[in-house]
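First comes the structure, then the notes that go with it.
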Amino acid sequence: MKRFGIQNAILVSFLFVLLLFTCFASSQNDDVYEDSASDNQWVRIRVGLVLDLDSMEGKMVGRSVTTALTDFYAINSDYKTRVSLSIRNSHGEPLLALASGVDLLQSEGVEAIIIGGSSLLETKLLAEIGEKAKVPVISLNSPISSSLSKYSHLIQATHDFSSEAKGITAFIHEFDWNSVALVYEDDDDWRESAQLLVDHFSENNVSVQSKAGFTVYSTEEMVMDRLRKMKDMGTSVFVVHLSEVIATHHLFTCAEKLGMMGEGFAWILTAKSMSCSFHGKSAMEGVVGFKTYIPMSKELQNFILRLRRSLGNEEDFQLSISAVLAHDVALALARSAEMVNASATLLEAAITECRFKGLSGDFQVKDKMFLSDKFEIVNVLESGERRIGFWNGNGSFSSRRHHNKLETIIWPGGSAQTPRGRSLGEIKRRKLRVLVTSSNRFPRLMKVDTDSTTNVTTVEGFCIDVFRAAIAPFNCDLEFIPWLNGSDYDELAYRLSIQKDKYDAAVGDITITANRSKYVDFTVPFTEMGLGIVAPKESSMWVFLQPLTRDLWITSAAFFVLTGFIVWLIERPDNKEFQGSWPKQIGVIFWFGFSTLVYAHREKLQHNLSRFVVTVWVFAVLILTTSYTATLTSMMTVQQIRFNSNKDHVGHLSGSLIANMSLTNPKFQQTNTKGLNSSIEYAQALLNNTVSFIVDELPYLKALLVENPAKFVLVKTHYNTIGFGFMFQKGDDLVPRVSMKILNLRASDTIAEMEKRWFENQLPYTADDTSNPLTLYMFRGLFMITGVSSALALALLLILWLQDNWDDLMNSANIFLSQRLVHFGIFFARTTIHPYPLDDENAIQMAQRI
């Protein structure tokens with residue numbers, strides 16, 4: 001198991017269970033050249049073949065490979081190698097195909113694997129284990145997908161889809177059609193190639209008017225409904241990229257019932273859709289199809305004859321393209337095996353270098369792909385398929401009688417006259433029944449009026465202007481129907497989804513939400529995304545005090561005075577500007593301290609200590625004033641909102657999504673909320689302090705701000721909603737086209753111009769992070785530095801003063817101490833030594849003797 005990197009025990013066990021069933025089901029299908037392999041003179045090259053042997057195509061591919069090898073070794077009997085096949089039946093299940101691949105690598109030790117399934121998942125799974133084991137995996141007619149390009153050991157044998165897309169585009173231009181409808185299979189095996197077709201059309205000026213995706217589970221009713229809409233839009237040219245089952249049993253049967261297989265219509269099938277014959281399908285008469293071209297030769301005729309006999313189905317036998325490709329791949333493996341003997345790595349390299357002429361034409365692998373770039377174009381008739389020409393790899397058409405032209409085509413309805421097709425301007429206009437929100441809560445966004453006399457509905461506002469601009473290119477006649485159930489837009493989405501016979505779309509101030517998307521398809525948003533908070537502008541006369549908290553104001557003032565006092569204390573002995581009367585000196589202390597706020601102190605400092613103190617303090621003042629200015633600027637522009645759970649009331653739009661968000665958001669859990677119904681109520685509630693602020697989606701707030709530009713301001717935005725979008729029925733092909741038009745309108749600034757017209761070009765100032773007042777705690781380090789520097793200056797001043805006055809201080813201390821000793825002796829003499837009172841003179845004499 002280490003060889004191909006499978007180490008997960010659970011996965012191995014699961015694969016082992018699958019393997020038991022696979023081996024049991026395919027035990028009778030192992031086809032090995034036992035007679036050749038048992039002969040020691042030949043080197044045996046083991047190759048695995050994983051097929052759906054329950055299907056005719058799988059049986060055909062298996063028989064094709066064995067027949068090719070038998071013929072090859074009959075001619076080249078002198079070769080020293082023999083390719084030995086081990087066949088496994090996948091039963092059409094990708095997981096069984098994976099289990100078969102694991103078994104072939106583990107038990108058979110194969111050097112290469114051929115897979116005949118047309119499933120993208122099956123190709124990926126087998127390519128993955130081939131990548132781990134470093135064994136080439138050759139896929140026959142697998143789907144086109146960019147996801148397969150990462151597998152370096154995968155070789156694809158299929159037709160050149162890029163060349164086919166060019167051919168179909170050239171075919172459309174040949175008849176001067178400039179718009180088509182694409183009908184494709186909504187499955188992984190078909191979806192990506194369908195998108196590549198759309199991209200190629202777009203690059204070559206072919207408009208894809210509409211797209212319809214079907215699956216094997218699509219009911220006849222669903223197909224009929226979708227085709228009917230396409231017909232109503234005037235579509236007449238269809239490109240079909242579907243499997244045979246859906247095409248024959250659903251699409252063309254429904255199209256015939258709707259009269260779309262008659263004169264005036266054209267149907268073009270891709271090569272993958274034409275991989276099987278449509279002989280005898282009367283409903284498909286007149287269809288044109290591209291088929292991978294296989295040049296007819298005696299070898300091919302002989303091969304078909306033998307294959308038909310071996311399968312025992314001579315009457316209904318139709319050669320599969322995969323069978324022809326399998327034949328040539330088998331020859332390539334046999335030739336490559338002889339070149340390299342038994343190395344898987346060398347075998348892969350030899351296959352890519354192999355050149356020969358096979359049944360499909362010149363065999364050559366380029367960039368890990370063997371592509372057929374020439375296509376046969378056939379006209380499906382009741383009697384069978386009739387060739388009308390070829391699409392060549394060099395980019396031109398040809399036929400047997402014309403060099404650069406196709407044969408006459410019999411179109412649906414049996415007419416040889418080419419369907420005229422329709423340009424976008426000629427397409428029948430589609431009537432679009434549009435529900436419009438009619439609450440008129442925000443008239444700049446959406447205003448709906450219905451004339452009671454004429455019953456004519458008039459709609460205006462930013463939302464409807466964007467909708468008209470986005471829908472304009474698609475030839476729709478608009479019928480506006482007011483939505484009368486208020487602001488319950490979840491109910492609006494539900495009603496739109498269940499009443500398809502009454503409504504086609506809904507327009508208004510409708511937020512895109514996951515719940516609504518369950519019922520309808522939304523376009524991309526056409527408004528700004530997110531929520532905002534609006535509050536009244538600050539009008540207090542004391543707003544200049546708000547940038548700093550009270551304790552910071554007091555501390556700052558105290559340090560201004562402290563700095564002035566310390567400088568005065570240092571400078572006073574020697575600086576005449578700090579001397580004078582006591583009132584003057586007190587004035588100097590306060591003046592000097594506060595003048596540093598604006599750096600206006602004019603007193604000349606003479607002492608270095610005072611200069612040091614002032615330098616540190618000016619640095620602190622610079623930081624304080626800068627921070628104050630920044631905070632005040634912010635507060636003068638936007639008001640700081642504090643969410644006080646017990647005091648503030650939050651206003652929001654009643655019935656809006658924001659109401660639920662306000663109640664469930666942790667920030668607002670304890671906040672009182674109040675539902676409001678219009679921009680007028682918003683303004684009144686803010687002005688009379690019923691609510692402290694409004695929380696709503698940005699388009700609503702823009703309307704409020706434009707109506708009251710001098711009173712309110714947008715102070716916060718949060719990008720946690722998707723915005724407004726237009727609603728359509730699920731699967732409506734207008735959704736991607738309208739979305740693309742909205743993106744174009746936004747890129748060309750058309751929507752911005754509409755905003756200017758409806759919101760008067762007044763975009764409110766927004767601050768996502770409003771400033772909090774500055775606190776003492778934020779600047780504790782700054783004041784600590786200032787205080788320490790001032791204390792240090794005072795300490796140094798004291799030391800210098802003590803140094804200059806030490807002798808005087810010592811003399812004064814001696815005198816003081818001696819005087820105190822004399823007084824103590826007198827007191828002692830009076831109270832202890834002489835029991836009788838003494839006069840002062842005798843007491844002094846007594847004290848001196850003591």
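Residue numbers count from 1 along this sequence.
- You'll find the side chain of D449 reaches within 4.5 Å of the side chain of N440, heavy atoms only.
- Counting heavy atoms from C-beta outward, I510 and M727 have side chains that approach closer than 4.5 Å.
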TODO: Any chance you could lay out the ring-ring contact (aromatic ring centres under 6.0 Å, His included) test for Y489 and W483, step after step, and finish with the verdict?
DONE: CA-CA 9 Å; Y489 295 159; W483 168 253; 7.9 Å; no
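- A 4.5 Å side-chain heavy-atom check between T527 and E755 finds every atom pair outside the cut-off.
- At least one donor-acceptor pair under 3.5 Å links the side chain of W553 to the backbone N or O of L548.
- Here the side chains of Q684 and L676 are not in contact, with every heavy-atom distance at 4.5 Å or above.
- In this model, no donor atom of one side chain and acceptor atom of the other lie less than 3.5 Å apart for D551 and T775.
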- [ ] Please lay out, stage by stage, how L782 and L624 fare under the test side-chain contact (heavy atoms from CB on, under 4.5 Å).
- [x] CA-CA 9 Å; L782 185 65; L624 282 171; 4.2 Å; yes
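- Atom CG in L794 sits 6.5 Å away from atom CG in L569 (nearest 0.5 Å).
- A donor and an acceptor atom, one from each side chain of T511 and T513, are nowhere located under 3.5 Å apart.
- Shown here are the side chain to side chain contact (heavy atoms under 4.5 Å, CB included) partners of T690, two or more places apart in sequence or in another chain: K674, A685, N688.
- Atom CD1 of I570 sits about 11.5 Å away from atom CZ of R611, to the nearest 0.5 Å.
- Nearest approach of A793 to V613, heavy atoms of both residues: CB-CG2, 3.3 Å.
- Not one N or O on the side chain of R468 forms a donor-acceptor pair closer than 3.5 Å with the backbone of D465.
- For residues 782-793, there are no side chain to side chain donor-acceptor pair (under 3.5 Å) pairs, not counting sequence neighbours.
- Once rounded to the nearest 0.5 Å, the distance linking CD of E460 with CE of M446 reads 10.0 Å.
- Environment of CD1 in I680: sparse, with no more than 12 heavy atoms of neighbouring residues, nucleotides or ligands closer than 6.0 Å.
- No donor-acceptor pair closer than 3.5 Å links the side chain of R516 to the backbone N or O of A493.
- At least one side-chain heavy atom of F728 sits under 4.5 Å from a side-chain heavy atom of T523.
- Atom CH2 of W758 and atom CZ of R444 lie 8.0 Å apart (nearest 0.5 Å).
- Within the model, atoms CZ of R746 and CD1 of I751 stand 4.5 Å from one another, a figure rounded to the nearest 0.5 Å.
- Smallest separation of non-hydrogen atoms from A470 and V738: CB-CG1, 3.8 Å.
- Listed by chain and number, the residues in a ring-ring contact (aromatic ring centres under 6.0 Å, His included) with F526 are F726 (sequence neighbours excluded).
- In this structure, the side chains of I512 and F724 stay at 4.5 Å or more apart for every pair of heavy atoms.
- Side-chain contact check for S556 versus L552: some heavy-atom pair is nearer than 4.5 Å.
- Shortest non-hydrogen contact noted between A469 and K741 is O-CE, 3.6 Å.
- Proximity of T437 to V448: side-chain heavy atoms (C-beta onward) are nowhere separated by under 4.5 Å.
- When the ring-ring contact (aromatic ring centres under 6.0 Å, His included) test is applied to F783, the partners found at least two apart in sequence or on another chain are F559.
- Contacts of Y519 classified as ring-ring contact (aromatic ring centres under 6.0 Å, His included), with partners at least two apart in sequence or in another chain: Y494.
- Here the OG1 atom belonging to T549 is positioned 9.5 Å from the CZ atom belonging to F779, to the nearest 0.5 angstrom.
- Nearest heavy atom pair, residue C463 against residue G508, reads SG-O, 3.8 Å.
- Shown here is R550, whose CZ atom has no more than 12 heavy atoms of other residues, nucleotides or ligands within 6.0 Å.
- In this structure, F619 has no ring-ring contact (aromatic ring centres under 6.0 Å, His included) partners at least two apart in sequence or on a different chain.
- The backbone N or O of L622 lies less than 3.5 Å from a partner atom in the side chain of T625, making a donor-acceptor pair.
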